[in-house]
2 protein chains.
Amino acid sequence: MTRTTEGEQAPDDVLVALGDPIRREILAVLAREGGATSTSLAASLPITRQAVAKHLAVLDRAGLVRAHRAGREVRYEADLQPLRRTTRWMDTLATQWEDRLNAIKDLAEGATGP
Amino acid sequence: MTRTTEGEQAPDDVLVALGDPIRREILAVLAREGGATSTSLAASLPITRQAVAKHLAVLDRAGLVRAHRAGREVRYEADLQPLRRTTRWMDTLATQWEDRLNAIKDLAEGATGP
DNA sequence: CCCATGCGCAACCGATTGGTTGCGCATGGG
DNA sequence: CCCATGCGCAACCAATCGGTTGCGCATGGG
């Protein structure tokens, strides 16, 4: 463990993947439609199929989508599990840090007198 | 509203800021120590003061730190409020998307017979 | 007072990112 | 069967990122 995360390792890939608005839009479409191909996604986005494919690769590395080959199509579906993990990680971290900051503030008040 | 976020706008800057491990480390130090300067941070990190300053600028744009000038030092403190907002945003989004995916799955099961 | 300390700005650098075009290959429907 | 469709790979491009070095300015403690 790294002392700053207390057992939960930071989900870099998910944060990076979610940092791009077009990747969030792709995830949104995948959730709304229940799945899509790079070609169909490119049709409703302002970028080419190849660019979409690269974004899908990023989302795949983050575990946020999974690809299923169906004939000559490759259908992508959203997997929200890493998102849930990241939410919990972030919540835990925020709480730890807040606790620490509150402890410091209490110490400061005690030192200068209430 | 953008239809995908339902009133909560996506905190791009926070996600991007949190996507970098060294920026998380800086936040961790700030929370642990209650504050620090770019110089003191650089002392405990494998990068130069100027590099730290750039990271602090990113964190500042995300609202995750605030700078206070004290004499010739500039002290940075962590502000976890945007982190909390982002956590809630992410949680809401995950729930919406999960609901949508479950609805789709239910429809599929209904169509092919239970 | 004056100099060490701390900061900001700017230029520069290599690597990565986000996008494009172009091409070749597989595959399944008319 | 064969060709339109869908995908993957590769090269290329500009812009951004993360980092460095170098310099100049303010400031406050000995």
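Numbered from 1 within each chain, the chains take letters A, B, ... in sequence-line order. The basis for the numbers below is simple: all heavy atoms, side chains too, and nothing from hydrogens, waters or symmetry mates. Values in this document were obtained by computation on a predicted structure and should not be read as measured data.
- For the pair A:Asp12 CG and D:dG18 P, the computed distance is 12 Å after rounding to whole Å.
- OP1 or OP2 of D:dC17 has not a single side-chain nitrogen or oxygen of B:His55 nearer than 4.0 Å.
- Note on A:Arg23: only backbone sugar-phosphate atoms sit closer than 4.0 angstrom, heavy atoms only; bases stay farther off.
- Between A:Leu27 and A:Leu64, the shortest heavy-atom distance links the atoms CD2-O, 3.9 Å.
- Closest contact between the side chain of A:Gln50 and the listed nucleotides C:dT21, C:dG19, D:dG19 involves C:dT21.
- Using modelled atom types, one finds a donor on one side chain and an acceptor on the other under 3.5 Å when comparing A:Arg84 with B:Thr95.
- With a 3.5 Å limit on both pairing distances and Watson-Crick or G-U wobble geometry required, the stems of 3 or more pairs in DNA chain D span C:1-30 with D:1-30.
- Nearest-nucleotide positions on DNA chain C place A:Val52 closer to the 5' end than the other of A:Val52 and A:Arg69.
- When rounded to the nearest whole Å, the span between OH of B:Tyr76 and C1' of C:dG6 equals 12 Å.
- For B:Asp20, taking side-chain heavy atoms from C-beta onward, the closest of the listed nucleotides D:dA11, D:dT20, D:dG18 is D:dG18.
- Taking atom CD of B:Glu25 as the reference point, atom P of D:dG18 lies 16 Å away to the nearest angstrom.
- Protein atom CD1 of B:Ile26 is 13 Å distant from nucleotide atom C1' of D:dG19, rounded to whole Å.
- Of the residues near DNA chain D, B:Thr48 and B:Arg72, the one whose nearest nucleotide (by heavy atom distance) lies more toward the 5' end is B:Thr48.
- Counting to the nearest Å, the P atom of D:dG6 and the CG atom of A:Leu56 are 16 Å from each other.
- At a threshold of 4.0 Å, the pair A:Arg61-A:Asp13 does not count as salt-bridged, since none of the basic side-chain nitrogens sits closer than that to a carboxylate oxygen.
- Each of A:Ile22 and B:Ala53 was matched to the nucleotide of DNA chain C holding its nearest heavy atom; the match closer to the 5' end belongs to B:Ala53.
- A salt bridge links B:Arg24 to A:Asp12: at least one charged side-chain nitrogen sits closer than 4.0 Å to a carboxylate oxygen.
- Distance CD (A:Glu73) to C1' (D:dT5): 9 Å, rounded to an integer number of Å.
- Using modelled atom types, one finds no donor on one side chain facing an acceptor on the other under 3.5 Å when comparing B:Arg75 with B:His68.
- At least one side-chain heavy atom of A:Leu83 sits less than 4.5 Å from a side-chain heavy atom of B:Met90.
- Considering all non-hydrogen atoms of both residues, B:Leu56 and B:Val65 come closest at O-CG2, 3.8 Å.
- For B:Arg49 against D:dG19, no side-chain N or O and base N or O form a donor-acceptor pair under 3.5 Å.
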